[in-house]
Amino acid sequence: MSTKSPRDAAEFIRSRFSEPISTAVVLGSGLGAFADEIEDAVRIPYEEIPGFARSTVEGHAGQLVLGKAAGVNVAVQQGRFHFYEGYEMEQVIFPTRTFASLGAKNLILTNAAGSLNTDLRPGSLMVITDHLNCMGVNPLRGKNDDSFGPRFPDMTEIYDRGFQQIVEDEAAAIAANGAAFSLGRGVYCALSGPTYETPAEIRMYRLLGADAVGMSTVPEAIAARHAGLRVLGISCITNLGAGLSGEIIHHAEVMETGERVKGVFKELLSRVIGRIGN
Ligand code: HPA
């Protein structure tokens, strides 16, 4: 494991992009296209950033993009580190803590997810209201770094209510302009992966109160909230959970649905960033 800290990473990033960053964005599987629209972009491959691991999964570019979206300075993680790739949780949340060290106040987390709720069809978006951490591990396990946050952080309102409202308002505005898409809200359940679930597991998670399942987001949300950031989570529903559609689940299908919604997803993200502002 690297001996570099998120503060070292932040210092390096500042040497390449000196403007203040208040909002950071993490782009999920198949949703990386938003990063191509950042203006005056400085792109830094993860391997150049002290302490960062490398992203290995298909559909993740593995670079940090700094620049402007909707006139707001942003740091965009194009590709994330997943627990299922074999990274330690410390590596998974290293970029999140780097954003905190850069002075970011807001974190927007996006992902691809399977739906357990028949109102959330593939191709729709879901604003995350709460989560179930079923990864079997908490990213804050171990010695607490008091400089980031307290030993026992509260998680009552991990996903900021004001941000959820902004997403709903902006989605309504996009729909009013004639775009055909639907936005729902619900509980995201994070699993370690890399297998998709069995139908029995999907039934269990549904009983537990989950609306969508995925393999990311929760570690970063916990680390961000620990460090006092306001968190927004948006899932792109790419498929129905195992056993709900009669079809088997392919990674290709997950990527294709991301591709299909990317126009509306990019527009929503940039409107939301514009509203959150500097
Ligand atoms: N399960 C877990 N993770 C996922 C899924 C799913 O059905 N779809 C996209 N990511």
Side-chain angles (χ1 to χ4, degrees), residues 25-34 55-62 77-87 89 92 108-137 139 159 181-222 232-262 264-265 268-269:
V25 183
V26 182
L27 299 173
S29 301
L31 303 173
F34 178 77
S55 183
T56 63
V57 74
E58 192 189 325
H60 289 265
Q77 222 186 301
Q78 194 174 22
R80 57 154 57 88
F81 304 113
H82 297 89
F83 188 56
Y84 64 74
E85 291 175 271
Y87 299 116
M89 275 296 179
V92 173
I108 302 177
L109 296 167
T110 70
N111 59 51
S115 174
L116 278 59
N117 172 339
T118 44
D119 290 341
L120 290 165
R121 308 299 302 179
S124 55
L125 302 178
M126 181 186 92
V127 57
I128 301 177
T129 56
D130 203 347
H131 73 220
L132 294 170
N133 180 8
C134 294
M135 293 183 112
V137 54
Y159 300 94
F181 86 106
S182 81
L183 176 89
R185 41 192 289 120
V187 173
Y188 175 88
C189 176
L191 308 163
S192 70
T195 59
Y196 291 116
E197 301 68 39
T198 64
E201 286 165 345
I202 288 295
R203 288 194 296 275
M204 174 179 77
Y205 294 123
R206 192 146 80 157
L207 276 176
L208 293 178
D211 295 291
V213 284
M215 307 174 193
S216 68
T217 301
V218 161
E220 295 126 301
I222 291 173
L232 168 63
I234 304 174
S235 294
C236 169
I237 302 297
T238 54
N239 58 281
L240 294 178
L244 297 180
S245 72
E247 316 251 321
I248 65 166
I249 303 167
H250 293 284
H251 183 58
E253 173 193 7
V254 170
M255 301 304 289
E256 277 159 27
T257 313
E259 188 65 25
R260 185 148 60 82
V261 302
K262 80 177 182 198
V264 77
F265 177 80
L268 182 64
L269 213 46

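Counting starts at 1 for both ligands and their atoms, in listed order.
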Below 3.5 Å, can you tabulate the donor-acceptor pairs from side chains in residues 237-248 to any protein atom, sequence neighbours excluded?
residue: T238; atom: OG1; partner: A113; partner atom: O; Å: 3.4
residue: S245; atom: OG; partner: E247; partner atom: N; Å: 3.1

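Residues of the protein with a heavy atom under 4.0 Å from ligand 1 are A112, A113, G114, Y196, E197, V213, G214, M215, T238, N239, I249, V254, listed by chain and number.
In this structure, the salt bridge (charged side-chain N to carboxylate O under 4.0 Å, His left out) partners of E259, at least two apart in sequence or on a different chain, are K262.
The closest side-chain heavy-atom distance from V25 to L269 is below 4.5 Å.
Of the possible polar contacts, none joining the R80 side chain to the N111 backbone as a donor-acceptor pair under 3.5 Å is found.
Among residues at least two apart or in separate chains, there is no salt bridge (Lys or Arg N to Asp or Glu O under 4.0 Å) pair with a member in residues 111-135.
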(request) Determine, stepwise, if the pair H250 / E253 fulfils side chain to side chain donor-acceptor pair (under 3.5 Å). (result) CA-CA 5 Å; H250 293 284; E253 173 193 7; over 6 Å; no

